[in-house]
Structures are given as C-alpha cells and as structure tokens.
Amino acid sequence: MSILDMLILAEKASAAKHMAKAFGGTSGTVAGKTYKIVHAHGHLMEFKDPEKMVKTDAEKERYSSWSDMKTMPWNQADFSWAKTYAKSYNSYTKKSKSTRDDVNAIKSEAANADAILIATDNDPSGEGDLLGWEIVNAIKWNKPVYRIRFADETPKSLNQAMHSMVEITDQFKQGEYLKSDARSKWDFLSMQLTRISTYAARQAGYRVKVINQGRLKSVIVLKIWQQQQLIDQYVKTPYYEAKFKDPAGHIFARSLKDDEQKRTARFATEKDGQAEVDKYTKSPVTNIKRQHKTQAPGALIDLAKLGSILAKQGFNSKEVLATYQKMYEAEIVSYPRTEDKKITQEQFNELLPVVDAIAQVVGANQQLLTHRTLRSKHRATEAAHGANRPGVKVPSSLESLSKYGPSAQAIYRTLALNYLAILGEDYQFDRVTAELELYPDFKTGFNVPVQLNYKAIFDDTDSDDESNSVSDVVGPEAEPFVYQGANPKPTRPSADWIGKFLEKHNIGTGATRLGVQAQLTSGKNAFIKDQKGFYTLTQPGTIAAVLVRDSWIGSPNITKQLFDHMDEVGKLNESPAIVVNSATRVIEHDLPIILKNSRELTQFVGKQVKATKKYAAKPKTKGQLTNGKAVEFSSTWGGHKFTEGEIQQLLAGQVISFAAKSKAGKAYTASGMLKEQTYKGKKFWGFKADFGKK
DNA sequence: GCAAGGTC
C-alpha cells in the first residue's frame, strides 16, 4: 500500500524549493493529493557511447572506429539508444560525479508513490519532458505518470498548474517528449562529423587532438573564419563627396539611399571631389526645427549580453559563468540560465523594497530612481525566471563579493545598474534638424541632451552615437568642402557579435550559447582565442572551420530545418524517425565535402603549422584470435614493425621477442604477447611487453 | 577522444 498519491519530480533544487513554498512543505497535501517533492539537477541520464549501444562484436568494432570512413554514416537502427548515468560537474569542487546516487534516491522515494508527476517549466523545446522521462525510465517505473507545466514559479502559477495536471503515461504519444528525444538523437549522430574531421585533418598531415563539430560549434567557427576572410580581403577604397559644414561643425549631407545614388555622389579621387565641390557655393541654413523627444530605458540584459559587456573589461566567459553560478546559489543574483529579457509584475514588486539598498552598494544616485512602476516594455505576463537581475539578498558592499570570483564585483555592478536604469525616468533630448536654403537635399540632424535621467544610471547605447559635445547653434551659413570617406571595414568577430548571430538564427539556447563559447575559448585544444571579447581562431579552430566550408553542419539553416521538423513531431504530424534520419542525410552530404576540404587545408593553415611532420594514423593489423574473435591492433611497437610470422604468433597467443627502441632511443630486446588492455577507460588490443622478463 | 541540452 502506497503512502503517497504523488511523487512530484522537479527539474532542479530551486524549483523544488519554490514548490515546497507554494504547496506548504516538501510533503503534504495539494489539490486533494498527498505528495512529496524530489528534484533532479537537469538531465541525470545521457546516451551511452556509440560502441556501447550496439550488440555484435562487428558492430562494436564499426562504431569504435575513428579512422575508417567506410563505417559512416552510422545506421541508427543499430543503436539501442540506451542511456547511462550522466557525469555532473561541480564548479565548486571542480570534481565530476555520477548521477547514480541522485537517480537511486528518486527511485527509493518513488517506491512509496502511486504516480509520478513531472513538474517542469513550460519550455516549448520539450527538454523538461525528456529529462523527466529519462528518470522515469531509468528507475523502471511502470505506474501512472502525470504532467504539469508552469510559466513561472510563483505560488499562484504552481497551484493553478496542480489543478490542471494531465496523465501522460504513454510517453510515445507525447509530442513534447518525442520531439525532444528526436533532437537529442540528431545531435548525438552529428558526432560522426567530429570523427570525420579529426581523421581528415590527420590525413592531411596535421597533428591535431580532436576537431569538434556540431550544430553550434561548426557554425560559430565557420562564421568567425568567414569574417576573418572578409577582413583579410578588405581593401580600403576612399571616396570623396561634397558636403557642407557650418561654423559650429554640423555636417550637411545628402542621404544616399542606394548604390546608384552613391555612385553619382561619390568620386574616386580628391581632384574629382574638389571639382564637384566647386559647383556649390556657400548657402544660408534654413528650416531649423527643434523637436522634444524622450526615450525609455532599454531591455534588461541576458547572460550572453552580460558576458560580452564583461569581456570588454577582460573577464572570460568561463570565469563569468562560474562566478555567476556561485552568486546565484548565494541568492545575490537571479537565476542565470534564462532567455527572459523581461520580468513579471510580481518579480518587480519583490525587488522594489530593496532597490535603494542596491543603489547604495553600487553607488548609483538614488534621487534618479523615481520611476517606481514597471513600464510595459519591461513587463512579461509569463516568465519562469525573469531577466538576469540582482536578487533580493543585497550584499553589504561590492568588496564583500570578491569571494565569489574575480568578476563578481563587475557582474553585480553591471546587473544592478542595468536593472536600476528601469527605475529612472525617460531620457529627454531635443532632436534638431535643418537644411540648406540653396540645396535643400543637404540636411543635418543631431540630438541635444536635455536630461540624461536613466542614461545617468546605465547607458545602454553603443558609443557610435553622435557626439554630445556639438553646439546646438545651427547655421547661419554652411560652406561646401570635400568629405573623405571609405567603404566600411568588416566588423571584428567578438563575443557580442557571435551572440547576436546565434540569437538571430535561433541556434542554441541562452545557457548553451555562452557555454559553448566558454568551451571553445578554453583548454589546450581551444578553437578560439579571446582577447577582451574579440575573437580570433587558433590553428585547430581554423582547421575546424576550413573543413566545414560549404557543409550543412556549418550552416545556420540546418538548425532551422531541425527545429521546423521537431515542431511537426511535437504536433504528432511527423514521425520522429524522419527527424533522426535527417541527421544521416547530413553525414552523407558532409563527409565527402570535409574530405575534399582537407586537401585545401595547407592553403589556409599551412604557414601556421608548428609541427610540419606528416602525421598519419598508426597502421593497424586485422586478424582472428584462436577463439575466433576478430581483433585489430597496431602493427608497430617500439619502432619495430611486426613481420607476418610475428603477427600469426601474436594472434595464436604466443610470446615473441624482437629488437625495440625506447623513447630515449636506447636499443633493447622486448618480449611480450598480444593482450586486451585499457587506456583511459577504453579497451583495445595490442602488444604488451613483459618488462619483468626483459 | 565525439553533440547539445539540461544542471551545479
């Protein structure tokens, strides 16, 4: 006899905490059901390695290969799609640990319940459904499963959700689960492109570790590479154009809308420009208009934007993510991994009593914080977490935050000022416009600040605005002059620029966008070098990019297509198998392209190669053991190449001896036999010397 | 040694 009607499964600790608050405890009665709340921390399960999802020895060999391109594309029907406990990484202890204990803890609580309720936020990608079902399947649950979804974690929303729970016991009829499961399989299959790229780079003679490719990674490195090409190919082409200037320095110019207009107004030489200018005379300024305008504070920032602001101050994304996480756990800042850029009225109200204290800590002028209502442009009707902002717990000082990490003070200051700006009044300015009496096509326009208001707290505009120092006195006359301009230089790749690109194409999520950039910019095998937010590709990064030129995986369109099909799966209009199969179409298409691109690598990375030595995969010998088992092993050892006779002896399980060389170059006689060995947790067959008998 | 998606 069960003790509980319902085991409520939350996605993470903070959600479980909010539910406990909403329902009156970690266990009790809600909506007429007895319950207990447990929580995961994200995905607790993940796919096993490819070679561990297949049955036969031949399949295991096929799916272990990094060097035989004939083994790809993989046949996904060979896979069991079995999952194993994920390794969770703790940034405090810098240790990774299996989620086995977490799953078992949930399992033992479930033993007391009649049903499990998957309770995660209303994420249209279905990720909450997937991680819920992963746990339900892992504990071999065979009783009813229910589902609630909620837009935010306020008691009101959570209690409402409890009154509209639905039964979803058949997971294969649940669109959200099916679509997200298909997405995860698609992404998993895309790992073939990493093996293909690694192989292709080595074949081309590059001593590389792993050349990672995927929907995010490939798009990011290729985009940076293409932009770098544009910059390298950029030729500054000056042009000379007639403009006018008044005594205060205001420029009067024509607005050149298309290329045709630009061609007729701009000249290639200064001489021709001067000839054009000579056609004009000094002109009185007329039609001066002064219009009063206002501008409300901009949007609140998300994590990617915060990362790019701090990058300019010299903090790297990896450190910012880790420090932010620690500050979130201390409740000093709000939940990090959100895509929300607005907040709900409740979230606004919650913070209102402490805004003066926050202002004091960051040194903002409290007298500017007069707009104590939430503007509609910042208000969301639903937001699970709300935009990144300070928490209700206010630190005693900025200095006290240093214990969370090097960027802690900068994170808090930036978040706080950005948030406090929405409590400032609108920026007030005069828009002044004027034109020339003799040549009315020549116009000027500029803004004169009247009251900075919110901009005095946090200025969100890029600095390419008109200078504030221009005088607001226009005219009375303006004289023609030769203006020298040039075609614009392509933007330098930066964290901000990549963030906007990914967001525009809907690639990755708020959490993964910054995470992947952190991954690509750190470690020994980094693909991107980050210099105060500006990106350049390292040598392996350049190799990764060149290999995916003209490929599908390097195109933002592949994610769009994947998501479009996922939506159809979600509506049960399309079979998940079609989505998963489309990954195989990508491998078929991209494999020959990557191999072809590898032949052009020297053209782009040739000069940067440190080790010019050709580097090829070690030659392997295939054969059969006396028990019939097929094995593959290196055909050389210690500088010695096994003879045909030695290979037969090794396969027969015999001990052989030969002249070998140590790494230091010392000659000795090696004796040993063929053995199954383990390297970094992976099993392989190879010659094993018996040093005891040497 | 591999992906992207959650999480700490």
Side-chain angles (χ1 to χ4, degrees), chain A residues 10-16 39-53 63-67 72 74 86-97 99 102 120-121 123 125-135 179-199 201-202 208-220 321-330 335-339 502 507-513 515-516 519-520 523-525 540 544 553 558-559 562-563 566 583 586-587 617 679-682 684:
Chain A
E11 179 168 335
K12 52 181 176 273
S14 65
H39 69 84
H41 39 263
H43 287 284
L44 296 186
M45 307 297 291
E46 63 187 16
F47 287 127
K48 291 183 176 177
D49 286 340
E51 58 271 25
K52 288 175 185 153
M53 286 202 289
Y63 292 107
S64 302
S65 175
W66 283 67
S67 54
M72 285 174 244
W74 292 342
K87 283 186 187 65
S88 66
Y89 179 76
N90 184 320
S91 58
Y92 270 131
T93 59
K94 298 197 171 164
K95 279 181 186 163
S96 77
K97 142 183 182 302
T99 54
D102 304 281
T120 71
D121 64 358
D123 171 8
S125 73
E127 216 60 46
D129 299 76
L130 179 59
L131 74 88
W133 276 110
E134 281 168 352
I135 295 164
K179 75 192 273 191
S180 155
D181 182 57
R183 196 276 310 146
S184 70
K185 288 172 179 164
W186 195 105
D187 282 328
F188 184 86
L189 290 170
S190 74
M191 74 164 59
Q192 290 171 83
L193 295 162
T194 294
R195 293 188 182 185
I196 294 167
S197 295
T198 306
Y199 167 82
R202 288 180 185 169
V208 294
K209 201 169 170 251
V210 173
I211 300 298
N212 309 68
Q213 306 285 7
R215 279 195 293 123
L216 265 86
K217 295 182 165 91
S218 303
V219 168
I220 293 171
L321 279 175
T323 302
Y324 197 114
Q325 173 68 22
K326 289 177 196 167
M327 291 166 73
Y328 158 65
E329 284 164 17
Y335 183 75
R337 292 167 288 273
T338 176
E339 293 200 74
L502 295 176
I507 304 172
T509 63
T512 52
R513 273 175 213 145
V516 168
Q519 203 185 340
L520 291 172
K524 277 187 184 163
N525 196 36
I553 198 70
I558 205 73
T559 289
L562 173 64
F563 286 8
M566 275 170 57
V586 175
I587 311 298
Y679 180 70
K680 287 190 176 173
K682 277 186 71 169
F684 72 99

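Fair warning: this is a prediction, and the values are worked out from it, not measured in the lab. Sequence lines set the chain letters: A, B, ... in the order given, protein chains first and strands last, and positions in each chain run from 1.
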- Item | Residue closer to the 5' end of DNA chain B, A:Ser14 versus A:Ser190 (nearest nucleotide) | A:Ser190
- When you match A:Ile507 and A:Tyr63 each to their closest nucleotide on DNA chain B, which lands nearer the 5' end? A:Tyr63
- Under 3.5 Å: donor-acceptor pair, side chain of A:Thr120, backbone of A:Glu11: no
- Message: Whole angstroms only, please: what is the CG-P distance between A:Asp121 and B:dG5?
- Response: 16 Å
- Query: Ring of A:Trp66 versus six-membered ring of B:dG1: centres under 5.5 Å and planes under 30°?
  - Reply: yes
- Message: Tell me whether the side-chain N/O atoms of A:Arg195 come closer than 4.0 Å to OP1 or OP2 in B:dA3.
- Response: no
- For the pair made of CE in A:Met327 and P in B:dC8, what is the distance, rounded to whole Å? 16 Å
- Message: Just to be sure I understand the rule, does A:Ser184 reach a base, reach only the sugar-phosphate, or reach nothing, if contact means heavy atoms closer than 4.0 Å?
- Response: base
- Whole-Å distance, A:Gln213 CD to B:dA4 P, equals 9 Å
- Between A:Asp121 and A:Lys12, does at least one N-O distance fall below 4.0 Å, as a salt bridge requires? no
- Closest to the side chain of A:Asp123, out of B:dA4, B:dG6, B:dC8, is B:dG6
- Taken to the nearest whole Å, CG/A:Asp102 to P/B:dC8 is 11 Å
- Message: Using whole Å, what does the distance between atom P of nucleotide B:dA3 and atom CE of A:Met191 come to?
- Response: 7 Å
- Query: Heavy atoms under 4.0 Å, any strand shown: does A:Tyr324 hit a base, just sugar-phosphate, or nothing?
  - Reply: nothing
- Message: Does B:dT7 have its OP1 or OP2 closer than 4.0 Å to a side-chain nitrogen or oxygen of A:Arg337?
- Response: yes
- Message: Under 4.0 Å, counting only non-hydrogen atoms across every strand here, what does A:Gln192 touch: a base, just sugar-phosphate, or nothing?
- Response: nothing
- Message: Can you tell me if A:Asn212 touches the phosphate of B:dA3, counting only side-chain N or O atoms and a distance under 4.0 Å to OP1 or OP2?
- Response: yes
- Side-chain contact check for A:Leu216: nearest option of B:dG5, B:dG1, B:dA3 is B:dG5
- Counting any heavy atom closer than 4.0 Å, what does A:Lys217 reach on the DNA or RNA strands: base, sugar-phosphate only, or nothing? sugar-phosphate
- Note on the structure: note: A:Leu44, atom CG; B:dG6, atom P; distance rounded to Å ~ 15 Å
- Message: Main chain of A:Ser197, side chain of A:Arg202: is a donor-acceptor contact present, judged purely on distance under 3.5 Å?
- Response: no
- Item | Backbone N/O of A:Leu189 and side chain of A:Gln192: donor-acceptor pair under 3.5 Å | yes
- Query: Between B:dC8, B:dC2, B:dA4, which nucleotide gets closest to the side-chain atoms of A:Arg215?
  - Reply: B:dA4
- Message: Starting the side chain at C-beta, find the nucleotide from B:dC8, B:dG6, B:dG5 nearest to A:Ala13.
- Response: B:dC8
- Task: Would you please confirm or rule out a distance under 4.0 Å between OP1 or OP2 of B:dT7 and any side-chain N or O of A:Tyr335?
- Result: yes
- Message: OP1 or OP2 of B:dG1 versus the side-chain N and O atoms of A:Lys209: is any pair under 4.0 Å?
- Response: no
- Task: Return the value, rounded to whole Å, for the distance between atom CD1 of A:Ile135 and atom P of B:dG6.
- Result: 15 Å
- Item | Trace of the side chain to side chain contact (heavy atoms under 4.5 Å, CB included) decision for A:Ile553 with A:Ser218 | CA-CA 6 Å; A:Ile553 198 70; A:Ser218 303; 3.8 Å; yes
- Can you find a pair of side-chain heavy atoms, one from A:Phe188 and one from A:Pro50, that are under 4.5 Å apart? yes
- Query: What is the distance from CH2 of A:Trp74 to P of B:dA3, rounded to the nearest Å?
  - Reply: 11 Å
- Message: Once you apply a heavy-atom cut-off of 4.0 Å, does A:Ser180 come out as touching a base, just sugar-phosphate, or nothing?
- Response: nothing
